[in-house]
Structures are given as C-alpha cells and as structure tokens.
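Structure first, then comments.
Predicted model only: the values in this text are computed from it and were never measured. Just the heavy atoms: all of them, side chains too, but no hydrogens, waters or symmetry mates, feed the values below. Numbered from 1 within each chain, the chains take letters A, B, ... in sequence-line order.
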Amino acid sequence: MSSQNQTLRTLLQPLMQDPPHLSSYAYAPIFQLLTGHNFSKLGQQIHAHMALRGIEPNSFVGAKMVAMYASSGDLDSAIVLFDRIINPSSLLFNSIIRAYTRYGFAEKTIGSYIRMHRLGLRADNFTFPFVLKSCVHLSSRWMGKCVHGQSLRIGLEFDLYVGTSMIDMYVKCGDISDAHKLFDIMPARDVSSWNALIAGYMKDGEVNVAVDLFERMPNRNIVSWTAMISGYTQNGLAEQALDLFDEMLQEGSEVKPNWVTVMSVLPACAHSAALERGRSIHNFASRIGLNSNSSVQTALVAMYAKCGSLVDAHHCFERIHHNEKSLIAWNTMITAYASHGCGMESVLTFEDMIRAGIQPDGITFLGLLSGCSHSGLVDVGLKYFHCMSVVYSVEPRVEHYACVVDLLGRAGRLVEAMELIDQMPMQAGPSIWGALLAACRNHRNLEFAEMAAKKLFVLEPDNSGNYVLLSNMYAEVGMWEEVNNLRAILKSQGMKKSPGGSWIEVNGKAHLFLGGDTSHPQAKEIYMLLEALPEKIKAAGYIPDTSFVLHDVSEEEKEYNLTTHSEKLAIAFGLLNTSPGVVLRVTKNLRICVDCHTATKFISKIYGREIIVRDVNRFHHFKDGSCSCRDYW
DNA sequence: TTAGGGTTAG
C-alpha cells in the first residue's frame, strides 16, 4: 500500500499546482489507482478539484471514475456522472454496465446495452459477459439467445470470456445441451469453460457426466474442485464430497482452498452428521485464516447445529461480528434453535434480529414458527403468524400455513387446524395435508386422518409413507381388513416402505444400521445387549408401546420387532464402543418412533449417557431419563 | 471481464 501511496502522490503533485493546464486525461490513472480500494472520499475530493477548475471529464476519464465510484459502493455517484458525459464511448458503457451488474440491477444492464446499441457503439468482449450475467439474473434464456446471436455477428462468440459466460448463461437458464454444444465447437477453451460446464451437469443432477469432465479436463484449479465438492453436496452425495475434499488437500500446495471451498464442504458434514469431520474442517479453516469470514462462520453454525452440537453452533454465531451478521446468519441460528426444540430461544433470537435492524424474510418465519411448534408455544406462534404480513411485510406462503397446521395439530387443536386449511387463500398442497395427517396420528383422530390421507393419495400417489401411516393407525385399533387393503395397494403399485436406517459416528467413522440389520461385524454383541435391555428397562418402569409395529403379528413378536429398530441398534453399538460418559449422537432417516423414544429415555438413565438423536424433523436430547422435547414432537 | 456460494416446514 505504501508504494501505492507514493505513486498517488507523484500523480497528484502536478494537479495541485495552480493553474494546471492539464487535460482531463491526466486524471485517468489516478482514478484507476483508486478503484477497488474503497477510496471514495479521496476520489470525491479529486472529482471536486476537477470541477473547481472547470475540467469536464471526457468519456475515457468518465469510465475510470464510474468504475471507481461503483467499486467503492457509491453507485448513485457513478450513475450521476455517467449521465453527465456528452459523448459516451463503448468503454464508458462497459463501466456502467459492469456497475449495474455488480449491484444486481439486471434490467438497467440490459437497458444500457440496448442504448449502447442504438447509439451505434460496438459491444466488445468486456460487454457481453455482464450482459449475459444479467440475462441469467432475469432468468431469460430468450434474451440470452438474442445476445448470443449478436455476439456471433460481431465475431466474438469464441472469445474465451464471452464463450464461458455464454456456457454459464445456458447452464443457468436450464439448457445444458446448448451449453455443451457451444463448449464442443469452441476452438479454444480454458479451465473456466470446463468449470462452467461441470457446474451445469452437477446442477442437473448428472453427476457422472460432471465426474467424467472433471477427470478429462487438462487443468484444474480451485474452482474446479469446489464445483465438484459443492455438486456432490447438492446431490446428496456427502461422502463423495468429503472424500474429494481430502483428495484435494493431498494434491498439495497446487490448489489452495478458499472460503467458497470450505463453505461448500461443510454442508456435507451436516448432511451426514459427521461432527468430528466438521470440527476438523473448522480447525483447518482456522489454520488457513478463513474462520473470520462471515459466510464460513454461518456455514459453521449450520454444520454444528445439524451435527447436534447447539453449543458450538451458538458459539460460532456469537463470533460473527455484529455488523456482518447477515439475514442468512440470523435465519440459520433461529432455525438451529427450532430444530433442537428450543422455541423460546428462537423467539428471543428473532427479537434480537429485529432490534439489530435486519428485515426478516419468509425463511425467518419458517424457522420461528417451527420453533414455536416444536416447543408447544402455540399462542406465541399464532401471534407471529398473524402479524408477519402486517408488521413485517412478509406474505405467508403455503409453507407457513403448513407450519401453523403443524403448530395447532401438535397441540391437538385439530378442529382449528382444519378451519385454517379452509380459510387458506391458496390451494392446500401435500405439505398441509401431510402436517394434518401427522397430527392426527399423534392424537389418534382416525376420522380426520382418513380425510387427510385421501387427499394425499391423490396429491402424491407414490409416497408410500402416507399409506404406511394410515395403515399403522388402522392397525392400532385392530382394523386389519383396512390394513390389508392398504398393504395390497402398496404391493400392487410396487411401493416399498422406505427402510428405517440410523447411523452413529464413533472415532470419526460412521456406522450405518438398518432395521433388523444383522450384517454388522459386531451384530452378535449388539443383539445380546438389546435382548437384555427390555428386562433391564422394564424394571425401571418401561412399558413397550407396540402400537407402532405395522404387522399383524403377536404381541411378543411385535416387541421383538421393536428391539431391532435401527436407532436402537445404533445406540447399542455406541454403548459398546465408547467409554462411559461419551455423548452418543445418532441420526435417523425417518421419524423416531414412540417406543424408541421411551426406551431411549430409560437407556439414558440406566447407562448414565447423554444421547442425541436427530430424526428427519428435529433433535432429541436424552438425559437422565427425559428428552429435551418433553415428549412433544 | 468469465467459472465455484452458506439459511427452508412436515
């Protein structure tokens, strides 16, 4: 910076002498030097200096000044200046186009491009990338195609930057085949062109094609690796994402992970609840100085929360500088509390956010309402729901209604939930009926359940879960004929009950168990422990709840089915393979059943263990014989 | 100048 100051001083010297007889060109290198360094005050002073001497910036200097203002966050001055210049050049237009794009004003970018065209000014290789980006912003493939045609006429289609931007445009406007066609005919491509195409295939879920491109590309940079890692994560392939991240690190110093890389790999830890992996990536980020990046910190909050450590999540949230706590950061924390059943903390965090002057959005309210729902704060939730539009200008969407149906439904206020559904301004979709059905199941209301299920059978005929749920309810009251009818439908349509699976991380390695699984090397020990368990916990007051077993079998058999639920297997494995006092963290792909929930409470007491179970909906913290959800989920 | 981006109910 000091050599830069030196240069600046040298440049400024002749200008300060009175009277200067310099053309406005002399100012150009100064503004260029000030660009990108947040020197807007100094820039303004020099601009004023010019004005005092009656020096009107020409188009060339104007372009530099527009860039300087835009880069220092002062778009308004950039626009005012642009409008004052009499003979605009392509360069000047490029500057303003770049500025508009940077601030997300896509329509303004397109408008300037059209104006430029009308004035007979040629667009060049610096114009098209931004115009194309704005087409993406407006998600207008039609406009993108027009711009493609114009670049073709000018002979710029095969410019590396223009070509890559075009691939990106086709990818993001949902036309991967056009993107690939263009890629194929480009006479020269660079690593960015490959990266853009890889990201496109990942976005479309064509993971294998992306992998193939990644393996074939002549050079890879950090963006290539990051695109692959985040692509895996987006497609639910958390293990592959983590493995590739490790592979990348083994490449040595060739590729240097940056904040985007770290941010892309963290959701993979969250997805597989790999707390130790997440922690080690956190340490890694700290070592390379990325732990003060607020986006990374936000991703860490989400990772820790999803891996079951609310304490670490909160710690990371607190570490984000007050001015850098974005809407996403607040939303992440509010949602984290909600998923752990800490509704009151969600509410308090929301109020902090409002005090901090952050405008909430739809996701904020989704977190807030689900927090209230999971904690039984029914009236608090209703209060927020009713004022979200009036006070905070956030229109409730169907997801919010689903949350409120859930809020009322969990509390057993099924009639009110039905009334809300009737009054909804939009069509009730699967989310609404699904929430109602789940509530009916918990409160054993067969009449409403049948109605909700009927709607769901039409709305999502392939979702086996709905059939299973209703079937379980019939089984509970001994309506075996109805049970068999539903099972016949399931069978005839080739639907399978999705298998329950749970996993547990021990010494940094995940162990997966399916219901009734005997394939694990330690299966014998696990089953021995589980078989002895009922007697042990029955002595402490446990009564098995067999109503959650689907099959029409004897009570004794049902009880055995219960002992082999996947979460029990995972917990047993954890008890066998960790030292006393170690917290067990189990993740399940379905909702935890009532019996497992009860049994786990007893296990936490008998074995003196804290057990944290993450099911598809939320977290349960078991300790000393009780659960954080207070049996309310 | 281009490519990779964290939060979303049941």
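- Summarising the local packing, CD of A/Glu251 is surrounded by more than 12 heavy atoms from other residues, nucleotides or ligands at distances under 6.0 Å.
- Across all strands, A/Lys306 comes closer than 4.0 Å only to sugar-phosphate atoms, never to a base (heavy-atom distances).
- Of all nucleotides in DNA chain B, those with any atom nearer than 4.0 Å to a heavy atom of chain A start and finish, going 5' to 3', at B/dT1 to B/dG10.
- Residues A/Trp330 and A/Thr349 come closest through the heavy atom pair CZ3-O, 3.6 Å.
- Note on A/Ser370: only backbone sugar-phosphate atoms sit closer than 4.0 angstrom, heavy atoms only; bases stay farther off.
- Within the nucleic acid shown, A/Thr332 comes within 4.0 Å of sugar-phosphate atoms alone, with no base atom in reach, counting heavy atoms only.
- For the side chain to side chain contact (heavy atoms under 4.5 Å, CB included) criterion with A/Phe245, the lone passing option out of A/Thr233, A/Thr226, A/Thr261 is A/Thr261.
- Qualifying salt bridge (Lys or Arg N to Asp or Glu O under 4.0 Å) partners for A/Asp175, counting only residues two or more places apart in sequence or in other chains: A/Arg141.
- At the heavy-atom level, A/Asn258 lies under 4.0 Å from base atoms of the strands shown.
- Nucleic acid contact for A/Phe128: none, since no nucleic acid atom lies under 4.0 Å from a heavy atom of the residue.
- A heavy atom lying under 4.0 Å from DNA chain B marks the following residues of residues 288-297 of chain A, by number: A/Ser294, A/Ser295.
- Contacts of A/Ala438 with the nucleic acid, taken as non-hydrogen atoms under 4.0 Å apart, involve only primed sugar atoms and P, OP1 or OP2.
- When heavy atoms are screened at a 4.0 angstrom cut-off, A/Trp259 is found touching base atoms of the nucleic acid.
- For the side-chain hydrogen bond (donor to acceptor under 3.5 Å, both in side chains) test, residues two or more places apart in sequence or in another chain that qualify with A/Ser193 are A/Thr164, A/Asp190.
- Judged as a side-chain hydrogen bond (donor to acceptor under 3.5 Å, both in side chains), and not counting sequence neighbours, A/Tyr100 has no contacts.
- Note on A/Glu460: nothing from the nucleic acid sits closer than 4.0 angstrom, heavy atoms only.
- At a threshold of 4.0 angstrom between heavy atoms, the contacts of A/Asn125 include nucleobase atoms, whether or not backbone atoms are also involved.
- Using the six-membered ring where Trp is involved, A/His314 and A/Tyr337 have ring planes that are tilted, between 30° and 60° apart.
- No side-chain N or O of A/Glu157 forms a donor-acceptor pair with one of A/Ser151 less than 3.5 Å apart.
- With sequence neighbours excluded, the residues that form a ring pair (Phe, Tyr, Trp, His ring centres under 6.0 Å) with A/Tyr384 are A/Phe350.
- Within 4.0 Å of A/Ser230, counting heavy atoms only, lie sugar-phosphate atoms of the nucleic acid but no base atom.
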